[in-house]
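Here's the structure, in structure tokens; my notes come after.
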Amino acid sequence: MSELRFVRMGFGAEPVEYQEAWDEQRRVHAARFADEIPDTVLLLEHPPVYTAGRRTEESERPLDGTPVIDVDRGGKITWHGPGQLVGYPIQKLPRPVDVVAHVRRLEEALIRTCAEFGLETTRVEGRSGVWVLGEPKQATALGGLSLDLDPRLTDDEFDPRMNGPEYAPSNAGQRREDRKIAAIGIRVAKGVTMHGFALNVNPDNKWFDRIIPCGIRDAGVASLSNELGRDVTIEEVLPVAERHLRDVLENADLRPRVIETEKTPA
């Protein structure tokens, strides 16, 4: 078991600018690498900002030229802003670092957090983050927006940003589609993690409609408030998320990534 400390940087009327949080991540990362501090999780809200990971394509950015901050994490483009709980776990892990195991631990803590509020979430094979599952694809979504012939199923170049609200990521719940409630993107340097997760508590999800969130064109975004049909606040979620992050991260059986060696033919 390793010690874990939480630092609440700023919320609500005092959100933390992205560049300020990024600078603080680097400072904490250096201190953790030098064993000057224990593993640390920075928790905060950002003002509205789009950030693009290393794999972001130009075709996934805002069409209107809205500024985007390019960052050194994995993953693609996403949005951060009010109503979204952002966490940056800065942990020293055994080398070579098992990045997938780290991501799975963050997912587990967030799945448990959502469950405590009465929302069932899960992982989706091949897609990081935490998801609310939709219904099987069908011609018409009864009670929601109707897509009689969904071009996304046959056109790899289909752009939901240019085709009206019926394809908007923020309306995925109405269409009964899979929708991501928490995004995860990390970086590991010198065996210490950076960046982390963003859990949608009660944001205005229309911010996601300007981009292709996480580069995924056939799914959307969700929030605790929209899924539960009531206003859930950051203040409610913060202690619950801290508790589950502490339980999962402090009690993890940390092991280095297994490197498979090629077998020499007999």
Side-chain angles (χ1 to χ4, degrees), residues 1-25 27-29 32 37-49 51 73 78-91 102-123 128-132 179-186 193-205 207-208 221-252:
M1 179 180 292
S2 59
E3 180 187 359
L4 185 68
R5 70 168 182 150
F6 290 88
V7 177
R8 298 183 179 185
M9 289 188 64
F11 301 92
E14 298 181 347
V16 182
E17 292 289 344
Y18 191 84
Q19 187 63 52
E20 178 185 346
W22 198 0
D23 291 343
E24 180 64 5
Q25 279 195 76
R27 187 193 70 78
V28 174
H29 181 278
R32 182 65 191 97
I37 60 172
D39 290 339
T40 300
V41 181
L42 306 178
L43 294 169
L44 55 124
E45 275 180 280
H46 285 303
V49 61
T51 70
R73 61 167 169 79
T78 192
W79 172 84
H80 298 310
Q84 186 183 73
L85 176 60
V86 175
Y88 298 129
I90 299 173
Q91 285 188 282
H102 178 63
V103 170
R104 294 293 173 265
R105 288 191 290 270
L106 297 182
E107 291 170 344
E108 179 62 26
L110 297 174
I111 288 171
R112 293 183 189 182
T113 298
C114 292
E116 189 156 331
F117 285 89
L119 179 63
E120 181 180 356
T121 59
T122 188
R123 300 177 177 88
S128 68
V130 176
W131 293 79
V132 179
R179 47 218 184 262
K180 183 182 285 191
I181 196 167
I184 295 175
I186 67 168
T193 66
M194 294 180 68
H195 300 288
F197 67 85
L199 174 63
N200 295 332
V201 178
N202 60 352
D204 178 0
N205 277 346
W207 284 96
F208 288 100
V221 291
S223 71
L224 277 170
S225 291
N226 286 345
E227 296 298 325
L228 296 174
R230 69 175 182 87
D231 187 30
V232 182
T233 66
I234 295 287
E235 290 77 13
E236 288 179 78
V237 175
L238 191 55
V240 178
E242 280 188 3
R243 175 159 40 83
H244 289 298
L245 283 164
R246 183 180 298 281
D247 184 48
V248 171
L249 299 182
E250 281 192 345
N251 295 299

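The chain is numbered in sequence order, starting from 1.
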[atom1]/[X] to [atom2]/[Y] distance, rounded to the nearest 0.5 angstrom?
X    : Y    : atom1 : atom2 : answer
R8   : E14  : CZ    : CD    : 14.0 Å
F208 : K180 : CZ    : NZ    : 9.5 Å
R243 : F6   : CZ    : CZ    : 11.0 Å
T40  : H29  : OG1   : NE2   : 11.5 Å
T122 : W131 : OG1   : CH2   : 11.5 Å
L199 : L106 : CG    : CG    : 12.0 Å

Tell me, with the steps shown, if V16 and L42 meet side chain to side chain contact (heavy atoms under 4.5 Å, CB included). CA-CA 11 Å; V16 182; L42 306 178; over 6 Å; no
Results of salt bridge (Lys or Arg N to Asp or Glu O under 4.0 Å) for [X] - residues two or more places apart only:
X    : value
R32  : D35, D39
D247 : R112
E236 : R230

Of all heavy-atom pairs between [X] and [Y], which one has the smallest distance, and what is that distance?
X    : Y    : value
M9   : L44  : SD-CD2, 3.9 Å
F117 : L228 : O-CD1, 3.5 Å
A109 : L245 : CB-CD2, 3.7 Å
V103 : S128 : CG1-CB, 4.4 Å
V132 : A222 : CG2-CB, 4.3 Å
C114 : L224 : SG-CD2, 4.1 Å

Test R5 against I37 for side chain to side chain contact (heavy atoms under 4.5 Å, CB included), laying out the working first. CA-CA 9 Å; R5 70 168 182 150; I37 60 172; 3.6 Å; yes
Under the side-chain hydrogen bond (donor to acceptor under 3.5 Å, both in side chains) test, which residues partner [X], sequence neighbours left out?
X    : value
E17  : none
S225 : none
D231 : N202
E107 : R104, R123

State whether the side chain of R246 and the backbone N or O of L4 hold a donor-acceptor pair below 3.5 Å, judged by distance alone. yes
Could you check whether any side-chain heavy atom of R27 comes within less than 4.5 Å of a side-chain heavy atom of D23, counting everything from C-beta outward? no
Do M194 and R73 come close enough that some side-chain heavy atom pair is under 4.5 Å? no
Could you pull out every donor-acceptor pair under 3.5 Å between side chains of residues 78-90 and any protein atom, sequence neighbours left out?
from	atom 1	to	atom 2	distance (Å)
H80	ND1	Q84	OE1	2.8
Q84	NE2	W79	O	3.3
Q84	NE2	N200	OD1	2.8
Y88	OH	H46	NE2	2.8

Taking side-chain contact (heavy atoms from CB on, under 4.5 Å) as the definition, give me every residue that meets it alongside E235, ordered by chain and number, with sequence neighbours left out. T233
Side chain to side chain contact (heavy atoms under 4.5 Å, CB included) between T51 and W22: does it pass, once the steps are laid out? CA-CA 11 Å; T51 70; W22 198 0; over 6 Å; no
